[in-house]
Amino acid sequence: MQLPIDVKAVIDEAMDIEGARTTPLSVSVYIDDSAPGDLIGHVRSAFASASAHTRVTIGYLDERPVAPFPGDDMAVLVAGLSERIGEQAAALRAAGVPVMVATTLPRLVESIAEAAGAPIPHGDVVAPEAPHGRLLGCGRDAQAVAVGAEADAAGDAAEPVLLDQRAAALLDRRMGEWIIDACRDKRLAFALAFPFVRRPLSVDAVNATAVQNAGVGLVVFIPGADLPIMTLNQAKMLLQIAAAYGEPLGKERVKELAAVVGGAFACRSVARQIVAFVPALGWAVKAAIGYAGTLAMGRAAIEYFEDGGNVSGLVGVVSAARDKVVDAAAAARTCL
């Protein structure tokens with residue numbers, strides 16, 4: 001059976017963190033001066049980069065058509081109530097530059113652009129969710145306040161969304177998700193240059209790997225044949241997560257891979273015991289163990305790196321997450 005991953009390509013990528021770190025990146029941020037001040041400040045801060053290989057240009061929108069900077073990898077429009085946001089975004093897309101429209105006024109921005117005859121693709125509008133019943137922030141326009149109040153009265157959240165800690169984190173997550181989708185060829189370089197991209201890139205790797213390992217459990221019918229595939233997939237995932245946080249591949253990574261192999265054997269051992277009790281559901285058990293075990297290890301690794309951990313301590317974190325899955329599966333066995 002063909003592996004669902006290119007192992008050599010993944011390892012080469014993980015070892016070439018320095019190559020990704022020195023990859024040139026070019027981002028232009030265009031600010032609509034009617035955008036809420038907290039949004040402007042947050043986006044400017046998020047795209048601040050200390051990398052010598054990353055160029056970030058900040059400018060303000062005016063009546064002139066937007067002309068992309070030569071070599072731009074992406075553009076960000078920080079949107080308020082301008083009627084030209086849709087038009088400006090369309091001009092950048094026509095020039096071949098992916099455009100993110102960041103806003104805390106998503107419904108207003110989309111409706112204004114549509115009314116102006118230049119609708120923005122829904123996937124390009126990036127905003128935090130507005131919690132139900134949120135009180136209005138200090139809106140910069142009477143229209144925003146009026147429409148926000150009407151929306152709140154109708155049961156929807158008010159706009160603009162106040163960028164408190166929760167909303168800011170959600171906006172970061174969605175900006176990161178947009179970047180790894182729109183700039184896939186350079187997504188590791190973006191993660192190393194801009195911290196808010198690291199978690200979304202890692203979560204993407206975890207989710208994809210968990211689904212792959214569930215699929216392996218479903219389709220591999222030769223006893224034991226799924227073990228090396230799942231193990232390599234889990235190793236790949238941890239390499240990708242470590243790379244996203246700038247942790248280089250070295251000899252210490254051998255311990256990490258050994259922990260993954262141990263986790264795979266433990267999970268498979270429990271799966272075999274359960275399958276022995278309910279052989280008709282063996283495919284479902286293997287899929288569930290593969291999915292849950294991979295997800296647990298990946299999430300544990302992300303939280304570890306988010307807290308400032310490095311590769312040397314990852315083995316214990318991953319092992320603990322694996323053990324929880326094994327214990328839960330063993331407990332489920334006693335209920336069958």
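Atoms considered below: every heavy atom in the structure, side chains included; atoms not considered: hydrogens, waters and symmetry mates.
The environment of CG in D307 is crowded: more than 12 heavy-atom neighbours from other residues, nucleotides or ligands sit within 6.0 Å.
Sorted by first and then second residue, the pairs that involve residues 40-49 and meet side chain to side chain donor-acceptor pair (under 3.5 Å), not counting sequence neighbours, are H42-D172. Under the ring-ring contact (aromatic ring centres under 6.0 Å, His included) criterion, no residue pair touches residues 53-106, with sequence neighbours excluded. For residues 65-82, the set of pairs meeting the salt bridge (Lys or Arg N to Asp or Glu O under 4.0 Å) definition, not counting sequence neighbours, comprises R55-D72, D73-K186.
At least one side-chain heavy atom of M74 sits less than 4.5 Å from a side-chain heavy atom of F190. With contacts defined as side-chain heavy-atom distances shorter than 4.5 Å, the pair D204/R187 qualifies. Proximity of N207 to L295: side-chain heavy atoms (C-beta onward) are separated by under 4.5 Å at one or more points. At least one side-chain heavy atom of L171 sits less than 4.5 Å from a side-chain heavy atom of L39. For the pair I58 and V56, the minimum side-chain heavy-atom distance is below 4.5 Å. You'll find the side chain of P106 reaches within 4.5 Å of the side chain of E159, heavy atoms only. Within the 4.5 Å cutoff, side-chain heavy atoms of P36 are placed close to those of L105.
For the atom pair CD1 of I31 and CG of D33, the computed distance is 9.5 Å after rounding to the nearest 0.5 Å. For the atom pair CD1 (I179) and CG (L201), the distance works out to 10.5 Å, reported to the nearest 0.5 Å. Residue I241 holds its CD1 atom at 14.0 Å from CZ of R198, rounded to the nearest 0.5 Å.
Among residues two or more places apart in sequence or in another chain, the ring pair (Phe, Tyr, Trp, His ring centres under 6.0 Å) test is passed with F196 by F47. Partners of E114 under the salt bridge (Lys or Arg N to Asp or Glu O under 4.0 Å) rule, at least two apart in sequence or in another chain, do not exist in this structure. Applying the side chain to side chain contact (heavy atoms under 4.5 Å, CB included) test to S82 and every residue at least two apart in sequence or in another chain returns D32, R84, I85. When the side chain to side chain donor-acceptor pair (under 3.5 Å) test is applied to Y245, the partners found at least two apart in sequence or on another chain are E306. Scanning for salt bridge (Lys or Arg N to Asp or Glu O under 4.0 Å) contacts around E110 gives an empty result, with sequence neighbours left out. With sequence neighbours excluded, no residue satisfies side chain to side chain donor-acceptor pair (under 3.5 Å) with T22. Partners of A205 by side chain to side chain contact (heavy atoms under 4.5 Å, CB included), not counting sequence neighbours, listed by chain and number: Q240. Contacts of T209 classified as side chain to side chain donor-acceptor pair (under 3.5 Å), with partners at least two apart in sequence or in another chain: K236.
Under the 4.5 Å side-chain contact rule for hydrophobic residues, L170 and F194 do not share a cluster.
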Can you give each donor-acceptor pair under 3.5 Å made by side-chain atoms of residues 88-101, sequence neighbours left out, with the distance rounded to 0.1 Å?
unit_1 : atom_1 : unit_2 : atom_2 : d
Q88    : OE1    : V66    : N      : 3.0
Q88    : NE2    : D62    : O      : 3.4
Q88    : NE2    : R64    : O      : 3.3

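Proximity of a side-chain donor or acceptor of T104 to a complementary backbone N or O of P160 within less than 3.5 Å is not detected.
Shortest non-hydrogen contact noted between Y30 and A75 is CE1-CB, 4.0 Å. Closest approach of L108 and S111 over heavy atoms only: O-OG, 3.0 Å.
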Next on the checklist: Is there a salt bridge (charged side-chain N to carboxylate O under 4.0 Å, His left out) between R299 and E303? Walk through the geometry before answering.
Outcome noted: CA-CA 6 Å; R299 288 176 174 174; E303 295 307 321; over 6 Å; no
